[in-house]
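Step one of this worksheet: look at the structure below.
Since this is a predicted model, take the numbers as computed values, not measurements.
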Amino acid sequence: MDPNLRFWRTEGQSFFQRFLLWVDVLDPLLLLKSSDEIRRTRLLLQNSEKTLSEPIQNDQTKQAFLLSLSSVHPDTDKIIPVLFRPPAFLPISLPLVITSSLQFRAKQTFFSQFVFHMYTTGFALLNGNGTAKAEEYSLQQKQIFCGLGAITYAACIGALPLVFMNRYTLKSSLTQLVIRKLLPAPLFGLMSAFTVAVVRSPEFENGIEVMDSNGKVVGVSQKAGEKAVKETALSRAVLFGTTFFLPAVLTYFVERAKFAKTPHALASVRMLVMTSVLAGMLPVSLSMFPQCGVIKRADLEPEILSSTEETELFYNRGI
């Protein structure tokens with residue numbers, strides 16, 4: 001089993017443990033580490049005789065694992081491109097989220113949401129489970145084409161309410177409230193989950209590798225792939241749905257109470273709240289489900305049941 005997965009399995013058993021780990025893993029300063037330093041760290045961890053049967057006490061070892069968790073894909077053992085590593089997600093997605101939340105014209109909304117979904121879909125693709133395989137076609141090529149289709153569709157759905165509002169001159173205060181304040185949150189949440197499910201569809205179509213407690217691969221399971229994608233899509237929907245919903249609600253009450261005297265002050269309050277919510281919800285959403293996923297033996301395919309007697313098997317859920 002990869003050192004990253006062994007670490008998550010030992011150190012990330014509860015939501016609170018995973019939350020604290022993600023707070024450390026998301027540190028943007030980890031992006032400054034060089035590729036050579038990352039490779040040396042990985043080599044050290046792979047050659048280490050530590051079994052991780054007990055929680056890590058050595059701070060230096062923990063820092064080495066944090067660098068590995070933030071930079072290396074556990075299935076391919078390759079260094080993740082710097083812009084798509086977990087510590088880069090917040091600095092890059094935050095301005096995209098703020099831009100996408102500005103409901104002006106339909107064309108501007110489509111473009112901003114297209115860029116937003118392009119980045120988050122690329123992040124899901126490069127941080128998904130890397131054990132899904134296909135012989136009849138290029139798996140990566142299919143994921144790219146499906147991802148572009150999903151990105152375009154999600155951006156169209158995001159801009160569609162503004163198209164209807166402008167075309168049919170729906171200018172009432174209630175319509176403005178629904179389309180500009182309330183509707184973006186569920187649409188963003190659903191479309192974020194949709195793009196994750198589409199770009200990672202080979203995982204539940206072809207299956208992903210499942211391992212026993214010793215890290216030995218015992219088979220390829222479509223059911224494990226479905227569980228991994230479903231959990232990741234749900235966490236992404238919670239992340240962006242909440243990020244768009246809470247600031248809209250709080251800004252609405254601030255506006256009604258006239259705490260912000262000018263439109264500029266109101267926009268500043270909205271940006272501050274959105275930044276705080278996204279920064280807080282990111283480690284929360286990533287901690288919702290174990291990174292080293294667990295699936296019951298009884299829930300797997302018959303051909304895998306005959307390969308092992310263990311009651312629980314493990315897999316990489318992806319991010």
Taking only distance into account, with no hydrogens and no angle test, what donor-acceptor pairs under 3.5 Å do side-chain atoms of residues 241-251 form with protein atoms, sequence neighbours excluded?
residue, atom, partner, partner atom, Å
T242, OG1, V238, O, 2.7
T243, OG1, L239, O, 2.6
T251, OG1, P247, O, 2.5

Side-chain cluster (under 4.5 Å, hydrophobic types only) that V294 belongs to, other residues: M1, L5, M211, V217, F314

query: Is any side-chain heavy atom of R18 closer than 4.5 Å to a side-chain heavy atom of F289?
result: no

query: Cut-off 3.5 Å, side chains only: do S68 and N4 have a donor facing an acceptor?
result: yes

message: Please tell me whether Q113 and S100 have a donor and an acceptor in their side chains that are separated by less than 3.5 angstrom.
response: no

statement: Of I79, N316, L126, N129, the one forming a side chain to side chain contact (heavy atoms under 4.5 Å, CB included) with H73 is N316

task: Provide the closest heavy-atom pair for A64 versus T41 in the form atom of the first, atom of the second, distance.
output: O-CG2, 3.2 Å

query: Between Y119 and F84, what is the ring plane arrangement, given parallel below 30°, perpendicular above 60°, and tilted in between?
result: parallel

Closest contact, heavy atoms only, I80 versus R85: O-NE, 2.8 Å

query: Just wondering, more than 12 heavy atoms not from K223 lying within 6.0 Å of its NZ?
result: yes

Closest non-hydrogen atom pair between G147 and T121, with its separation: CA-CG2, 4.3 Å

- prompt: Going through the checks in order, is the side-chain contact (heavy atoms from CB on, under 4.5 Å) test met by Q291 and R9?
  reply: CA-CA 8 Å; Q291 202 58 39; R9 183 183 165 195; over 6 Å; no

- request: Indicate whether any N or O donor in one side chain lies under 3.5 Å from an N or O acceptor in the other, for R317 and T232.
  value: yes

field: Qualifying residues under side-chain contact (heavy atoms from CB on, under 4.5 Å), relative to L44, sequence neighbours excluded
entry: none

query: Below 4.5 Å, heavy atoms only, C-beta onward: do Q13 and W8 meet side chain to side chain?
result: no

- prompt: Got more than 12 heavy atoms from elsewhere within 6.0 Å of CE, M271?
  reply: no

message: Any heavy-atom pair between the side chains of V220 and T131 that's under 4.5 Å?
response: no

task: Check G130 against D75 and note the closest heavy-atom contact, atom names and distance.
output: N-OD2, 2.8 Å

- request: Establish, from distance only, whether the side-chain atoms of D2 and Q46 form a donor-acceptor pair under 3.5 Å.
  value: no

query: Has F114 got more than 12 heavy atoms of other residues, nucleotides or ligands less than 6.0 Å from its CZ?
result: yes

message: Strictly distance-based, threshold 3.5 Å: is any side-chain N or O of D27 a donor or acceptor partner for the main-chain N or O of L30?
response: no

Members besides L29 in its Ile/Leu/Val/Met/Phe/Trp/Tyr cluster (side-chain heavy atoms under 4.5 Å): L32

field: More than 12 heavy atoms from other groups under 6.0 Å of CZ on F15
entry: yes

query: Do you know which of F194, F111, F188 makes ring-ring contact (aromatic ring centres under 6.0 Å, His included) with H117?
result: F188

message: Show the nearest heavy-atom pair for residues S221 and I304, with the distance to one decimal.
response: CB-CD1, 3.6 Å

field: Test salt bridge (charged side-chain N to carboxylate O under 4.0 Å, His left out) applied to R270 - qualifying residues, sequence neighbours left out
entry: none

- line: Under a side-chain separation threshold of 4.5 Å, the hydrophobic residues clustered together with V196 are none

